[in-house]
Amino acid sequence: MQAIEESIKTGKIPNHDNDSFDTKVKQGALSIKNVGKIYDPEGVHVEALANCSMEIGAGEFVAIVGPSGCGKSTLLNIMAGFDNLTQGEILLDKEPLATIDQPPSPGPDRVVVFQSGALFPWKTVLENVIYGPVTQGGMSIDKAKLRAKEMLSRVGLTGIEDSYPGQLSSGMQRRVEITRALINNPKILLLDEPYRAMDTVTKGASHQYLLELYDLTQKTIFFITHDLDEALYLSDKVHIMTSRPGYIKKSLAVDLPRPRKLSMLTSKEFMEMKAELVEAVHEEAIKAFKAGEREMA
Ligand code: ADP
């Protein structure tokens, strides 16, 4: 915990031995090409996405922002393999992940963490974290426990291995979940507003832990959020989606060095990027609001 507190203050990442993750071989590049999604085409016909395209580099941390209902979760669900697309294609490391002829299916190379949380309440923290590697990865229980304890300690969670999720704060639960996701060594981590319901202090600490895990594992991260500060502070690139049907209206490269430090939140560069982001998102939010009024009329 002390190491993490130090890292929150200084923005410096403690030294780690990275044996668990080969950060030299980066995977998880995504090509999202003209993706469209129409829900219930013969019935209510909701066009959630249209011509949505973006390139995400292997090991890149991208944030997706846009008005509510613009199709962010729809895109994430397609990438996770929970839903199909109705136009375009998505490639993962140049291989088809989702096409019209080949609907995507969930796989261990992509893991999702939602804001509502999905830990097994009847299992302890340690049992939750080792569940994937033991049941799907073929890892021995002893090896999985060692790996789990090592990773939990890196996010300041030593000593809670035998606790149940219900005994933990929401911030700790989210950290356990992200650790559980990453221990499976996926190519991509898909995060759908994981910190939405958190107070500012817990959220700030959660950011630092996520940055710590990102620096450690170098996994591709696709992070949906409404919080523009969060988007800029964490990511390498922020993609702004239009109101529904969603596509990428603008992409903003976040030119802040890593490790990220809290002092960056008030820097001139940060403020300038935020002003650009606020303007682009606000414009879409107004459009979405007006469209909602039209739909209600
Ligand atoms: P966001 O994540 O940006 O808030 P969503 O991807 O959840 O947006 O939703 C995009 C649009 O698709 C919304 O208008 C939503 O109501 C609609 N939608 C989502 N899921 C379904 C569904 N299963 N059937 C019909 N419409 C849906």
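Just the heavy atoms: all of them, side chains too, but no hydrogens, waters or symmetry mates, feed the values below. Just follow the structure's listing: the first ligand is 1, and inside any ligand the first atom is 1.
- The 12-atom threshold is exceeded at NZ of Lys123, counting heavy atoms of other residues, nucleotides or ligands nearer than 6.0 Å.
- Under the side chain to side chain donor-acceptor pair (under 3.5 Å) criterion, Thr202 pairs with Asp199, sequence neighbours left out.
- Ring geometry for Phe61 versus Phe223: interplanar angle of 30 to 60°, hence tilted.
- Shown here is Phe270, whose CZ atom has more than 12 heavy atoms of other residues, nucleotides or ligands within 6.0 Å.
- Remark: Asp255 CG is loosely packed, at most 12 non-hydrogen atoms of other residues, nucleotides or ligands lying under 6.0 Å away.
- Between the side chains of Glu55 and Ser31, at least one donor N or O sits under 3.5 Å from an acceptor N or O.
- When heavy-atom distances to ligand 1 are checked against 4.0 Å, the residues falling inside are Tyr39, Val46, Ala48, Pro67, Ser68, Gly69, Cys70, Gly71, Lys72, Ser73, Thr74, Arg244, ordered by chain and number.
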